[in-house]
Amino acid sequence: MALVPCRLSRPYNGRKLMLASITCICFLWFYLSFNQSYTSYTSLRAPWDAHDSAGPAPDSVPQDTSSEQWLQKATDIFDDAPLDSAAIREVCAKTEWNANLTFTCNNSGGGVGNQRNSILNCLRYAISAGASMTMPRMILRNPANIADIWNRERISFDYLFDEPHFVESLRLSCPQLHILKELESNDSSPIFVTPEKLSEEITPEGIDHPEEWRERFYGWLSNATDVQKPVVDLDRSYLQYPIYSDPEAFALDFGKVLKFRQDTRVVATTTLRNLVQKFDLHGDFRSPIWNHTFFGVHLRTERDSQQGWPPSLYEYSKYETQSTNYLKQAAASGTTVMYVASGNVQEIARFAEDARAYNLSVTTKHQLLEGADKEKLEAFTFDQQALVDYLVLLKSSDFAGVGHSSFAWNIALWRHQLARQRDHLNGPQLMSDELSQVYGTVRQYLEYACCLWP
Ligand SMILES: *[C@@H]1O[C@H](CO)[C@@H](O)[C@H](O)[C@H]1NC(C)=O
Ligand SMILES: *[C@@H]1O[C@H](CO)[C@@H](O)[C@H](O)[C@H]1NC(C)=O
Ligand SMILES: *[C@@H]1O[C@H](CO)[C@@H](O)[C@H](O)[C@H]1NC(C)=O
Ligand SMILES: *[C@@H]1O[C@H](CO)[C@@H](O)[C@H](O)[C@H]1NC(C)=O
Ligand SMILES: *[C@@H]1O[C@H](CO)[C@@H](O)[C@H](O)[C@H]1NC(C)=O
Ligand SMILES: *[C@@H]1O[C@H](CO)[C@@H](O)[C@H](O)[C@H]1NC(C)=O
């Protein structure tokens, strides 16, 4: 029996996916356009995006130094090499490509979990159709009101993600796919479509027959336009693409085309280093998950979530429910320090107070960073700051979050690749393995398990 209960799922084989070894590679970046390949990529990069080739690369630290010394010297422990995926290459090689068709993906919005899923789905549909794709753009959340997410201006991909990494990963893993910097002025005007609407049925496990999507799309397109070179603007796409309809290796690799922007990775590295120092933690800091070090918590009680999931209706939206579960789990985990991620500063103070009864210390990125590092953090927007938390939480010995948060699911599902326990959706919580607990009613939110690319 497949352990992932999604329709079309292929069974987990328990294969461990280790992070690609961190390598500093100097690339020459190319964008491919319809007819020409142009523009040295380097010249298009924003200053913060440039590789710090003079700085110490993680792999320049001699291998015989302890991992503690390694961490002392590392500037960016999250600088993964571009994805080189045979599973994705195979799918792309089988695709019939259409140089006349371009997709734009400019409607992703919300927090990082939402953005990742929507951008990856758009890319998946572009591969299905054999289309070219412009660099995705995303909706910029209102900095003055975090619950104001939609109907707002667009911002470039590098607002959250590493653009050179995306381009190079796709060049290696899906060489037939053309990524365009932007539309040309003579391109036809985009036709908007919600990709899932082309399917007959959508269940919590995703659209029916993703393998028929291409045919349905071309049927729709021939009715929608007769221009020679159509441009199709895809709507936001969220939790409706059944990721296990592709081979498991594809599903697990795909999300790695997205790497967070460099400055957030550097701040996350500094945060972790300071955490280790402040609480005198010891462990193997080169490993993807840091055993016996700290407990990671995502306290999801920010204003946007309280509006979306009113605590009067959603038990797990309540502060009390989250904090009680998290503190019990932390006390049982044997760690004494908890790293808490939350966009709600008052609630963190309340949580630290409650943690005292369990003799647990609570800390945050704001407390761990000082001086220029803290200034860098504070210059980030709400969603950029969340990237720092996301990266820190990936490393925690044990993690806790709630089931109506794609942020928590993203972290837990990524960690699950490294867990031994495979029956993670059978309780006692919504998602349970020895590395993470996602709290909620068992089997309630199947769409996250079936449709969220880890
Ligand atoms: C692309 O358009 C050209 C005409 O502009 C046509 O000759 C060619 O067959 C089209 N290719 C596809 C895949 O539709
Ligand atoms: C979508 O993004 C592309 C690439 O950044 C850009 O060229 C295009 O004008 C955008 N389209 C819309 C409708 O915003
Ligand atoms: C736009 O112009 C370029 C070169 O000027 C040409 O190669 C391309 O085919 C044109 N695109 C369309 C949609 O006509
Ligand atoms: C195309 O339009 C025709 C006429 O309106 C309609 O009967 C047909 O179902 C449409 N096909 C698709 C794939 O939308
Ligand atoms: C973490 O520590 C536990 C208990 O000491 C051990 O059983 C487990 O194998 C370790 N996990 C990893 C990933 O090293
Ligand atoms: C917390 O620490 C104090 C003093 O070391 C001890 O008396 C108390 O029993 C501890 N409480 C818990 C819940 O471990």
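Ligands are counted one by one from 1 in listed order, and the atoms in each one are counted from 1 as well. Numbers here simply count residues along the sequence, with the first being 1. Computed over heavy atoms, backbone and side chain alike; hydrogens, waters and symmetry mates excluded.
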TODO: Give the ring-plane orientation class for W290 versus F294, where under 30° counts as parallel, over 60° as perpendicular and anything between as tilted.
DONE: perpendicular
Task: Min heavy-atom dist R154 to ligand 2 below 4.0 Å - done: no
- [ ] Answer yes when E182 and R137 have at least one side-chain N-carboxylate O distance shorter than 4.0 Å, and no when they do not.
- [x] no
Task: Side-chain ion pair, R265 and D76, N-O less than 4.0 Å - done: yes
Open item on the list: For the 3.5 Å polar cut-off, considering only N or O atoms, please tell me whether N106 and ligand 2 meet it.
Closed with: yes
Open item on the list: Evaluate L183 for polar contact with ligand 2, using N/O atom pairs at a separation under 3.5 Å.
Closed with: yes
Open item on the list: Only heavy atoms of M135, strictly under 4.0 Å: list the atoms of ligand 2 that pass.
Closed with: 4 (C), 5 (O)
Open item on the list: Can you name the atoms of ligand 2, numbered from 1 with element, that are less than 4.0 Å from a heavy atom of K181?
Closed with: 4 (C), 5 (O)
Show the short N or O contacts, below 3.5 Å, that ligand 6 makes with protein N or O atoms; if there are none, say 'none'.
{"unit_1": "ligand 6", "atom_1": "2 (O)", "unit_2": "N359", "atom_2": "OD1", "d": "3.3"}
{"unit_1": "ligand 6", "atom_1": "2 (O)", "unit_2": "N359", "atom_2": "ND2", "d": "2.2"}
{"unit_1": "ligand 6", "atom_1": "11 (N)", "unit_2": "N359", "atom_2": "ND2", "d": "3.0"}
{"unit_1": "ligand 6", "atom_1": "14 (O)", "unit_2": "N359", "atom_2": "ND2", "d": "3.4"}

Open item on the list: Under 3.5 Å between any N/O of N186 and any N/O of ligand 3: does that happen in this structure?
Closed with: yes
TODO: Provide the full list of disulfide bond (SG atoms under 2.5 Å apart) pairs with a residue in residues 82-119, sequence neighbours left out, each pair given once.
DONE: C92-C174, C105-C122
Task: Close approach, K229 and ligand 3, non-hydrogen under 4.0 angstrom - done: yes
Open item on the list: Pair E163, R261 - check salt bridge (charged side-chain N to carboxylate O under 4.0 Å, His left out), show working.
Closed with: CA-CA 8 Å; E163 195 165 322; R261 54 184 273 165; over 6 Å; no
- [ ] Starting from the C-alpha separation in whole Å, work towards a yes-or-no answer on side chain to side chain contact (heavy atoms under 4.5 Å, CB included) for F254 and L120.
- [x] CA-CA 8 Å; F254 201 52; L120 290 167; 4.0 Å; yes
TODO: Quick one: look at R137 and ligand 2, take heavy-atom pairs under 4.0 Å, and tell me if it's side chain, backbone, both or neither.
DONE: side chain
Open item on the list: Please work out, at 4.0 Å between heavy atoms, whether the side chain, the backbone, both, or neither of T134 comes within that distance of ligand 2.
Closed with: side chain
- [ ] Measure the shortest side-chain to side-chain distance between F260 and L160 over non-hydrogen atoms and say whether it is less than 4.5 angstrom.
- [x] no
Task: Which residues share a side-chain contact (heavy atoms from CB on, under 4.5 Å) with T363, sequence neighbours left out - done: L275, K278, F279, V337, Y339, Q367, L368
TODO: Applying side-chain contact (heavy atoms from CB on, under 4.5 Å), name anything that partners A352, two or more places apart in sequence or on another chain.
DONE: V362
TODO: Run through W409, Y316, W309 and flag the one making a ring-ring contact (aromatic ring centres under 6.0 Å, His included) with H404.
DONE: W309
